[in-house]
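Letters A, B, ... mirror the listed sequences (proteins, then strands); counts begin at 1.
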Number of protein chains: 2
Amino acid sequence: MGVVRKTKAVKRLLSLFEPGVSAISAVDLVSQLNAEMNKTTVYRVLDRLENDGIVHSFMGKEGIKWYAKCTSCSSHHHNDIHPHFQCTDCKKVTCLSVEVSIPKVENHTIENATVFLTGKCGNCA
Amino acid sequence: MGVVRKTKAVKRLLSLFEPGVSAISAVDLVSQLNAEMNKTTVYRVLDRLENDGIVHSFMGKEGIKWYAKCTSCSSHHHNDIHPHFQCTDCKKVTCLSVEVSIPKVENHTIENATVFLTGKCGNCA
DNA sequence: CCAATAAAGCAACTTTGTTGCAATTAAAAA
DNA sequence: TTTTTAATTGCAACAAAGTTGCTTTATTGG
């Protein structure tokens, strides 16, 4: 951990995560940064940030990848198995700080869980 | 419901869901049926089957779509919000018949939940 | 059987993401 | 500080998953 070098690209990308708590899709990041850097760079910086536990990623309903800042993850352990929520109106995706109880299942060793919720957010309801 | 015509393609596709309880990825279906029908047909048949509540779909970790037979869904309501499980060894995906408690979240109206679990299945553990 | 409608095939395209390699840039060593 | 080394970036080409438009082929209802 702490291996990610704070290059211009890294700083710029991280700045986009600052304003709110929303997650951002890779596609959105690529298009926002289109004029400033190559999409390959965006994808590679995201990879590095994720490996280093600075952001985490998850797959959205439409098969595109979303990224959000980790609050308590390291490169060794992404310990917040929190649900992600997408508003069906404004399409915004947020991390929810709620505990999810992962059910025990006979004959299965569960190592990881992803919970993706959809509905209406406060603004749109 | 009951609108899906039982064409050759539909029957063939449905036959692939019979043997087990596993889910099948669209990619896998396309490649299995490669010699028999066009991939466009596969995708369109799956769409129809899903709209009619005969199968349900969900997004896998790698952004590819998986399909499984519904046990109690109709075109109006997919009522089994069951988790899906993928073995990290054999890559097989199955529907789990377990209840998942969806947390209530303040300021959010939750309409749908997807739970995706990964780990080791009985065979691979 | 025949017209109307739905399904299937085909090719071309879109979107999301990846790879190989050369050119830069930044960090470490001297 | 200069040199050396290693990591990062850009670019173009590619790949996989899925979609679209349009034509052809089946189905079905009269």
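- Following rounding to the nearest Å, M59(B) (CE) and dG17(C) (P) show an atom-to-atom distance of 11 Å.
- Taking the side chain to side chain donor-acceptor pair (under 3.5 Å) definition, one finds that K92(B) meets it with nothing, sequence neighbours left out.
- Rounded to whole Å, the distance from CG on N38(A) to C1' on dT18(C) is 12 Å.
- Note on L49(B) and I24(B): same hydrophobic cluster, where clusters join Ile, Leu, Val, Met, Phe, Trp and Tyr whose side-chain heavy atoms are under 4.5 Å apart, directly or indirectly.
- Here N34(A) pairs with nothing under the side chain to side chain donor-acceptor pair (under 3.5 Å) rule; sequence neighbours left out.
- The terminal axes of the helix from dC1(C)-dG30(D) to dA30(C)-dT1(D), fitted over 5 pairs per end, subtend an angle of 30° to the nearest 10°.
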Check nucleotides 23-29 of chain C for protein N or O atoms closer than 3.5 Å to its own N or O atoms and list the pairs.
none

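- Listed by chain and number, the residues in a side chain to side chain donor-acceptor pair (under 3.5 Å) with N38(B) are T40(B) (sequence neighbours excluded).
- Counting only residues at least two apart or on different chains, no ring-ring contact (aromatic ring centres under 6.0 Å, His included) pair has a member in residues 23-54 of chain B.
- Contacts of E99(B) classified as side chain to side chain donor-acceptor pair (under 3.5 Å), with partners at least two apart in sequence or in another chain: none.
- Checked against the 6.0 Å centroid criterion, the rings of H56(A) and Y67(A) do not qualify as a close aromatic pair.
- Contacts classified as salt bridge (Lys or Arg N to Asp or Glu O under 4.0 Å) and involving residues 109-125 of chain A (residues at least two apart or in different chains) are given here: D89(A)-K120(A), E111(A)-K120(B), K120(A)-E111(B).
- The salt bridge (Lys or Arg N to Asp or Glu O under 4.0 Å) pairs that include a residue from residues 25-35 of chain B number zero, where partners must be two or more places apart or lie in different chains.
- Looking at S15(B) and R12(B), their side chains do bring a donor and an acceptor atom within 3.5 Å of each other.
- With rounding to whole Å, R12(B) atom CZ is found 18 Å from dA7(C) atom C1'.
- In this structure, E62(A) places its CD atom 16 Å from C1' of dG17(C), rounding to the nearest Å.
- Along DNA chain D, read 5' to 3', the first and last nucleotides having any atom under 4.0 Å from a heavy atom of chain A are dA7(D) to dA12(D).
- What separates CG of L29(A) from P of dG17(C) is a distance of 10 Å, to the nearest Å.
- The CG atom of L33(A) sits 15 Å away from the P atom of dT16(C) (whole-angstrom rounding).
- Scored by the side-chain contact (heavy atoms from CB on, under 4.5 Å) test, T118(A) finds K61(A), Q86(A), T88(A), F116(A), N112(B) as partners (sequence neighbours excluded).
- Listed by residue number, K39(B), T40(B), Y43(B), R44(B) are the residues of residues 39-48 of chain B with a heavy-atom contact under 4.0 Å to DNA chain D.
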